[in-house]
Amino acid sequence: RQVHGGTFDSFGTMGVDYNVPKFPVVDPAPSFSTGVRNFSTNDYRVWAGTTLISLPFGYIVGKPMRVPTMWAAGAIGCIGGFMLALQNSFGRLMGDLPNDREVASFLRNNKSD
């Protein structure tokens with residue numbers, strides 16, 4: 001059976017990206033730890049920014065119970081910001097986003113002397 005032009009072998013297999021990468025591929029299937037180690041300064045800013053924006057938002061919209069709502073919104077914002085930063089990191093490693101820093105690091109680390 002075929003799904004989106006690819007073959008479907010069994011349940012539990014990882015999805016396939018049919019987009020052709022626009023940039024050099026550093027790691028075609030990065031692991032979770034590789035993605036986290038590859039966080040850039042901008043990724044940390046995105047993570048912190050979504051967390052910090054969600055705290056006052058939760059306080060503003062949580063009229064009867066402002067403080068608990070603030071902390072819940074902060075937790076959701078923190079998790080969402082982390083996932084967005086991880087998605088950006090994976091995109092750079094897989095060649096879907098500009099990745100000059102990752103390519104330079106890969107070439108530097110794999111240089112044969």
Minimal non-hydrogen separation, P21 against D96, with atom names: CA-OD1, 4.1 Å
Heavy-atom closest pair, residues D27 and M94: O-CG, 3.4 Å
Distance in Å, N99 CG paired with S105 OG, rounded so as to fall on 0.5 Å steps: 11.0 Å
Pairwise distance CZ(F90) to CE(M83) - rounded to 0.5 angstrom: 10.5 Å
Residue pairs fulfilling side chain to side chain donor-acceptor pair (under 3.5 Å) with at least one residue in residues 43-60, sequence neighbours excluded: S40-D43, D43-R92
Same apolar cluster (I L V M F W Y, side chains within < 4.5 Å links), L93/F32: no
Distance-minimising heavy-atom pair for S31 and T34: OG-OG1, 2.9 Å
Shared hydrophobic cluster, I79 / L86 (ILVMFWY, side-chain heavy atoms < 4.5 Å): no
Closest contact, heavy atoms only, V103 versus P24: CG2-CB, 3.8 Å
Pairwise side-chain contact, F23 with D100, heavy-atom cut-off 4.5 Å (strictly under): no
Residue pair S89 / G35: nearest heavy atoms and the distance that separates them: OG-O, 2.7 Å
For V46, the rest of its hydrophobic cluster, which grows through side-chain links under 4.5 angstrom: L84
Point-to-point distance, once rounded to the nearest 0.5 Å, from CD1 of I60 to OG1 of T69: 12.0 Å
